[in-house]
There are 2 protein chains.
Amino acid sequence: MDSTGVDAGLLRSRYRLTKQRSAVLHALDDGEHLTAEDLLDRVRRQLPGVSLGTIYRTVDILRELGLVQIFTHNGMAARYEASLSKHHHLVCDVCRDITNVNVPTLGPVIKGIAAQYRYDDVDASLTVTGRCASCAARAPASTFEGTVEDRD
Amino acid sequence: MDSTGVDAGLLRSRYRLTKQRSAVLHALDDGEHLTAEDLLDRVRRQLPGVSLGTIYRTVDILRELGLVQIFTHNGMAARYEASLSKHHHLVCDVCRDITNVNVPTLGPVIKGIAAQYRYDDVDASLTVTGRCASCAARAPASTFEGTVEDRD
DNA sequence: CTCTCTGCAAAGCATTTGCACATTG
DNA sequence: CAATGTGCAAATGCTTTGCAGAGAG
């Protein structure tokens, strides 16, 4: 089993390095903001017998070890991504597409809030919603402010 | 039925103003970031027969009308609040307490992202997590950086 | 060899939905 | 009175969990 790459974090931890966990770790590099089902599909290409329960148990310990970030928005299924770099998300209200985005200017904003409310060890997640360029091109004009809600 | 206060938005809409909906609207003023169950409890004080299904259907149309904001974080149950003013949330990792927070400096950050990625009609939700002052006081010292994860 | 992990299947929980009856405008 | 809304209970979808056997160290 590969013990020098993405697996290193697990090896150093109090958890055992199993082939299922290694496969999940590798699958995480195989796409952005993957759902548990997405991960299951990818993991099963290598290791057909793996169960969804194992995916959930694995991402949970990877989160505890700081190796994955979990993204949720409204009631949608959780998305998992390797903790390579801190980033935030842009979600299209129309097509539900998710884009990763770096927001370097957010740091000072968060520091300010932490200081004002006396919070320690702060982290933050910013989710920007709106209509992406392709959906705007495809859709009827919208000249008014505020939420654009179709009544289905 | 009161038709001049919080009910006005519903009255002007294509939806009927029922006593259940009015009660939900009033219940929303009765606390911050309330869960569906919280709303149900409050609504039932006035109107004992109301069902959870009605709460969910009602908050959904209120969201569509822009009268409530919905806050979710990780897998937690959704929280509902009247759309009085735009605000964001501070969530304590330890006690799970939620604090509303105004973040006036966020506007330019979001505008920048919208421009860069060509998104229209953008909105944003910022959730800052960390350890609140009372939990920090109560807990063992934490001098290292990063997430503080107790193994239960 | 012991402790941890896994697959399976069942349970859990928040939310949604179908339907027959009640209510609104 | 026609259209819409409601209560109830069942269904849904994601996630978690108990257990007995498999695998890691």
Side-chain angles (χ1 to χ4, degrees), chain A residues 1-3 7-25 27 33-41 43-44 46-65 67-68 70-80 96 151-152, chain B residues 1-3 7-25 27 33-41 43-44 46-65 67-68 70-80 96 151-152:
Chain A
M1 199 170 299
D2 172 14
S3 56
D7 294 342
L10 249 184
L11 261 184
R12 264 186 267 100
S13 76
R14 66 192 180 90
Y15 296 105
R16 291 184 178 172
L17 178 54
T18 63
K19 44 189 181 327
Q20 291 87 340
R21 288 176 183 168
S22 182
V24 170
L25 238 7
H33 30 272
L34 303 171
T35 63
E37 291 281 354
D38 292 337
L39 281 172
L40 185 66
D41 290 349
V43 166
R44 280 186 169 167
Q46 306 266 131
L47 228 57
V50 175
S51 71
L52 243 196
T54 292
I55 300 295
Y56 281 111
R57 283 185 280 228
T58 301
V59 293
D60 191 51
I61 73 170
L62 296 180
R63 174 196 52 73
E64 183 182 331
L65 298 174
L67 300 174
V68 296
I70 304 181
F71 171 61
T72 59
H73 178 241
N74 290 342
M76 85 177 194
R79 306 305 185 108
Y80 304 91
R96 299 282 140 201
R151 49 210 134 83
D152 303 16
Chain B
M1 200 170 299
D2 173 13
S3 55
D7 294 342
L10 251 183
L11 262 183
R12 267 186 264 100
S13 77
R14 67 193 178 87
Y15 295 105
R16 291 181 178 174
L17 177 56
T18 63
K19 46 191 180 327
Q20 289 88 339
R21 289 175 183 169
S22 181
V24 171
L25 239 6
H33 28 76
L34 303 172
T35 64
E37 290 281 355
D38 291 337
L39 280 173
L40 185 65
D41 290 349
V43 166
R44 280 185 169 169
Q46 307 267 132
L47 228 57
V50 175
S51 69
L52 243 195
T54 292
I55 301 293
Y56 282 111
R57 284 185 280 231
T58 301
V59 292
D60 191 52
I61 73 171
L62 296 180
R63 175 195 51 75
E64 185 183 328
L65 297 174
L67 300 174
V68 295
I70 305 181
F71 170 61
T72 59
H73 177 244
N74 291 342
M76 84 177 194
R79 306 305 185 106
Y80 304 91
R96 300 280 138 201
R151 47 208 137 83
D152 307 10

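- Salt-bridge formation is detected for the pair A:D60/A:R63: a Lys NZ or Arg NE/NH1/NH2 atom is positioned less than 4.0 Å from an Asp or Glu carboxylate oxygen.
- Remark: B:Q20 is not in phosphate contact with C:dT23, judged by side-chain N or O atoms under 4.0 Å from OP1 or OP2.
- The side chain of A:S51 contributes no N or O atom lying less than 4.0 Å from OP1 or OP2 of C:dT6.
- Rounded to a whole Å, the CZ atom of A:R14 is 17 Å from the C1' atom of C:dT2.
- Between the NE2 atom in B:H33 and the NE2 atom in B:H73 there is a gap of 13.5 Å [rounded to 0.5 Å].
- Atom CG of A:L17 is separated from atom C1' of C:dC3 by 16 Å (rounded to the nearest Å).
- A side chain to side chain contact (heavy atoms under 4.5 Å, CB included) with B:V24 is found for exactly one of B:I61, B:L47, B:L62, namely B:L62.
- Residue A:G75 is classed as having no contact, given no heavy-atom separation below 4.0 Å to the nucleic acid.
- The side chain to side chain contact (heavy atoms under 4.5 Å, CB included) with A:L40 is formed by just one residue from the set A:T54, A:L52, A:T35; it is A:L52.
- The distance from the CD atom of B:Q46 to the OG atom of B:S22 is 9.0 Å, given to the nearest 0.5 Å.
- Put simply, the side chain of B:L34 does not reach to within 4.5 Å of the side chain of B:R79, judged on heavy atoms.
- D:dT15 atom C1' lies 15 Å from atom CE of A:M76, rounded to whole Å.
- Both A:T58 and B:A36 lie near DNA chain C, and the one whose nearest nucleotide falls closer to the 5' end is A:T58.
- Here the rule is side chain to side chain contact (heavy atoms under 4.5 Å, CB included) with A:V59, and of A:L39, A:L25, A:I70 only A:L39 fits it.
- Look at CD1 on B:I70: it is 13 Å from C1' on C:dA14, rounded to the nearest Å.
- As a whole-Å value, the separation of A:Y15 OH from C:dT6 C1' is 16 Å.
- Straight-line distance from the CG atom of B:L40 to the P atom of D:dC8: 11 Å, rounded to whole Å.
- Under 4.0 angstrom from either OP1 or OP2 of C:dT6 there lies at least one side-chain N or O belonging to A:T18.
- For B:I55 and D:dG7, the CD1 to P distance is 8 Å, given to the nearest whole Å.
- With the end axes of the helix from C:dC1-D:dG25 to C:dG25-D:dC1 each set by five pairs, the angle from one to the other reads 40° at 10° resolution.
- Residue A:Y56 has no polar side-chain atom (N or O) positioned under 4.0 Å from OP1 or OP2 of D:dT16.
- Across all strands, A:E37 comes closer than 4.0 Å to no nucleic acid atom at all (heavy-atom distances).
- Atom CZ in B:R21 sits roughly 10 Å away from atom C1' in C:dT24 (whole-Å rounding).
- With hydrogens and angles disregarded, no donor-acceptor distance shorter than 3.5 Å links the side chain of A:R21 to the backbone of A:T58.
- Counting any heavy atom pair closer than 4.0 Å across all strands shown, B:R57 reaches a base atom.
- Both B:T54 and A:T72 sit near DNA chain D, but only B:T54 has its closest nucleotide nearer the 5' end.
- Taking every side-chain heavy atom of B:R16 into account, D:dG5 is the closest of C:dC3, D:dG5, C:dA14.
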